[in-house]
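Structure first, commentary second.
Remember, it's 1-based here, ligands and their atoms both numbered in the order they're listed.
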Amino acid sequence: MTRPPDTPDSAQPFVRRDGALWVEGVSLDAVAARYGTPCYVYSRAALEARFRAFDAALAGRDHLVCYAMKANSTLAILDVLARLGAGFDIVSGGELARVLAAGGDAKRVVFSGVGKREEEMRQALAAGILCFNVESASELERLDRVAGEMRLRAPVSFRVNPDVDPKTHPYISTGLKENKFGIAYEDALALYRDAARRPNIAVVGIDCHIGSQITEVAPYLEAVDKVLSLVDRLAAEGMLLHHLDFGGGFGIRYRDENPPEIAAFLAGILARVGERPVKLMFEPGRWLVGNAGLLLTRVEYLKHGVERNFAIVDAAMNDLMRPALYDAWHEIVPVAVRAGGTRHYEIVGPVCESGDFLGRERELALAEGDLVAVMSAGAYGMSMSSNYNTRPRAAEVLVDGAAAHLVRERERVESLFALERRLPG
Ligand SMILES: *Cc1c(COP(=O)(O)O)cnc(C)c1O
């Protein structure tokens with residue numbers, strides 16, 4: 001793969017040169033030729049630029065950025081972020097194993113989620129994680145017992161549900177009373193008092209996470225204010241917290257969203273926290289990885305009809321579920337610009353579901369065999385993929401300057417049923 005004449009700009013890793021789309025110093029044509037399609041392609045420079053920007057916005061304060069790895073848990077992505085000093089927000093024992101396999105530090109791990117199993121608690125206690133983000137009284141009870149059996153003290157933060165509306169898609173709002181997440185705001189104080197009396201629990205923090213793809217500061221600040229008023233009441237009772245974790249949820253641009261600059265977003269939060277002597281933590285997922293990746297796919301067939309035109313591509317809802325699940329919009333661009341007539345296309349996959357679309361009504365000039373890129377697919381793409389229709393999951397490539405690294409091989413069909421058994425006899 002040859003390096004293009006101009007140096008790649010880390011803020012703009014996906015660029016067109018002579019009509020062809022490149023990621024940093026590697027052309028997508030070359031990626032497809034070498035690794036096939038469908039294929040997720042990430043830019044290391046973009047990922048690093050995002051992490052550094054987030055981290056820099058917190059400079060001067062004791063802080064830790066814990067990447068919410070459910071957004072993209074591929075080892076190479078974790079590796080890049082771990083090298084920059086990131087912590088990790090995990091939601092399962094499996095994710096903890098990934099952090100450790102990627103060279104991440106257990107002491108920078110917070111464990112979120114409403115359904116932590118006993119063996120996951122043991123695994124996390126043994127690894128020595130930074131904090132359990134506890135989401136119910138029953139979970140506290142269980143954690144206290146498990147830690148006691150291991151003769152350890154479990155570091156705990158309570159995830160409070162501040163009951164604010166993040167004004168995002170209902171499936172990704174988590175901080176409303178009716179959501180399953182967190183501890184009801186009114187119950188938090190009593191639970192802190194309970195926890196403080198337990199021998200195997202060390203109360204260290206408080207956290208919240210109100211939803212995802214938040215593009216307005218106001219609901220976020222409303223949640224921050226509610227958390228801070230709890231923090232102050234706890235302090236008045238002599239319970240001084242070591243850290244405040246405001247979660248993730250920072251929105252990105254997919255189409256025409258206009259989220260505030262991250263520095264401005266965080267500055268508003270820092271101003272609210274003021275001089276309180278605490279460590280600040282955040283759990284960004286989408287914001288770090290979403291715009292650092294794309295899904296590369298090839299047009300298999302074109303079907304031109306009276307009502308609609310279809311471009312059937314080799315990626316499908318099992319590879320990128322967001323359009324089918326949330327009606328999410330991803331920009332879809334041709335890898336090589338083709339002169340001539342555009343049409344309106346439904347960009348669909350081969351899966352046998354009418355919900356199997358990646359984009360609707362897209363005006364494009366396409367021919368069979370063309371490559372197209374589904375942009376902003378770095379978050380909740382590969383990590384939500386499945387094997388529906390017995391489709392092997394896509395390969396993943398991380399571009400670093402002029403080098404393209406295969407960081408996950410394309411799955412092989414045999415491995416998809418390797419754990420299955422036919423009946424005896
Ligand atoms: C999903 C999740 C995040 C990350 O959300 P993004 O919108 O990707 O930033 C952070 N914290 C918790 C507890 C989560 O469940």
Side-chain angles (χ1 to χ4, degrees), residues 47 50-51 53-55 57 64-74 77-78 81 86-92 94-96 99 108-116 120 124 129-136 139 156-162 166-176 179-183 205-217 219-220 223-224 227 243-254 257 259-260 262 265-266 269 280-293 321-322 325-326 328 376-384:
L47 190 57
R50 291 296 261 198
F51 183 84
F54 201 102
D55 205 46
L64 180 64
V65 181
C66 290
Y67 166 53
M69 62 180 280
K70 72 175 190 286
N72 187 323
S73 53
T74 298
I77 301 283
L78 306 182
L81 293 173
F88 297 94
D89 172 41
I90 63 168
V91 292
S92 71
E95 287 195 344
L96 176 55
V99 168
R108 290 169 178 252
V109 167
V110 298
F111 192 171
S112 301
V114 292
K116 300 178 193 76
E120 291 177 314
I129 66 164
L130 174 63
C131 187
F132 289 85
N133 291 345
V134 169
E135 304 214 17
S136 66
E139 184 190 336
V156 160
S157 156
F158 287 107
R159 174 174 180 178
V160 297
N161 183 335
K167 303 190 176 65
T168 180
H169 191 285
Y171 283 11
I172 50 178
S173 109
T174 56
L176 283 166
N179 296 129
K180 70 177 175 182
F181 299 100
I183 284 151
I206 191 165
D207 66 283
C208 70
H209 172 73
I210 60 170
S212 201
Q213 186 55 12
I214 299 167
T215 53
E216 291 173 47
V217 186
Y220 214 99
V224 167
V227 168
H243 74 246
L244 317 183
D245 176 348
F246 293 116
F250 304 95
I252 63 170
R253 176 172 295 171
Y254 286 99
E257 299 89 340
I262 200 65
F265 209 133
L266 294 177
I269 298 168
L280 289 186
M281 298 183 11
F282 291 92
E283 303 166 352
R286 185 192 314 272
W287 195 86
L288 292 177
V289 292
N291 283 327
M321 202 176 164
R322 299 187 68 257
L325 186 62
Y326 309 126
S376 305
Y380 304 106
M382 187 62 180
S383 62
M384 289 179 106

*Just checking, Arg322 and Tyr254: is the charged tip under 6.0 Å from the six-membered ring centre and within 45° of the axis?*
yes
_Could you check, using the six-membered ring where one of them is a Trp, whether Tyr220 and Phe250 have ring centers closer than 6.0 angstrom?_
yes
*Should you measure from each heavy atom of Pro284, which atoms of ligand 1 turn up under 4.0 Å away?*
9 (O)
*Considering only heavy atoms of Lys70, which atoms of ligand 1 have at least one such atom less than 4.0 Å away?*
1 (C), 2 (C), 3 (C), 4 (C), 14 (C), 15 (O)
*Please indicate whether any nitrogen or oxygen in Ser112 is less than 3.5 Å from any nitrogen or oxygen in ligand 1.*
no
*asked:* For Phe181, state whether at least one heavy atom is located under 4.0 Å from any atom of ligand 1.
replied: no
*Under 4.0 Å from any heavy atom of Gly248, which atoms of ligand 1 are there?*
9 (O), 10 (C)
*Over all atoms of both residues, closest heavy-atom pair of Arg253 and Pro259*: N-CG, 4.2 Å
_For ligand 1, the portion of Asp89 having any non-hydrogen atom under 4.0 Å away_ = side chain
*Under 4.0 Å from a heavy atom of Tyr380: give me the atoms of ligand 1 that qualify, with their elements.*
1 (C), 4 (C), 5 (O), 6 (P), 8 (O)
*Pick one: which of Val227, Ile183, Asp245 meets side chain to side chain contact (heavy atoms under 4.5 Å, CB included) with Ile206?*
Val227
_Rounded at 0.5 Å granularity, tell me how far CD1 in Ile252 sits from OG in Ser376._
5.0 Å
*asked:* Below the 3.5 angstrom mark, is there an N/O of Gly285, backbone or side chain, next to an N/O of ligand 1?
replied: yes
*Look at the rings of Phe282 and Phe246 and say which category their plane angle falls in: under 30° parallel, 30 to 60° tilted, over 60° perpendicular.*
tilted
*Check ligand 1 against Ala68 and write out every atom of the ligand that is under 4.0 Å from a heavy-atom position of the residue.*
3 (C), 4 (C), 10 (C)
*Can you list the ligand 1 atoms lying under 4.0 Å from a non-hydrogen atom of Arg286?*
6 (P), 8 (O), 9 (O)
_Mode of Glu283 contact toward ligand 1 - side chain, backbone, both, neither (heavy atoms, under 4.0 Å)_ = both
*Taking the six-membered ring of Phe111 (Phe, Tyr or Trp), confirm whether the NZ or CZ of Lys116 is under 6.0 Å from its centre and within 45° of its axis.*
yes
*Side chain, backbone, both or neither: which part of Trp287 comes within less than 4.0 Å of ligand 1 when only heavy atoms are counted?*
neither
*Find the distance between SG (Cys131) and NE2 (His243) and round it off to the nearest 0.5 Å.*
4.0 Å
*N/O separation below 3.5 Å, Arg159 to ligand 1*: no
*With Asn133, which of Glu283, Arg159, His209, Glu139 fulfils side chain to side chain donor-acceptor pair (under 3.5 Å)?*
Glu283
*asked:* Looking at ligand 1, would Gly247 count as a contact under a 4.0 Å heavy-atom criterion?
replied: no
*With sequence neighbours excluded, what pairs up with Phe158 under the ring pair (Phe, Tyr, Trp, His ring centres under 6.0 Å) test?*
Tyr192
*asked:* Does the residue Ala71 have a heavy-atom contact with ligand 1, meaning some pair of atoms that are separated by less than 4.0 Å?
replied: no
*Show which atoms of ligand 1 fall inside a sub-4.0 Å distance from at least one heavy-atom site of Ser212.*
6 (P), 7 (O), 8 (O)
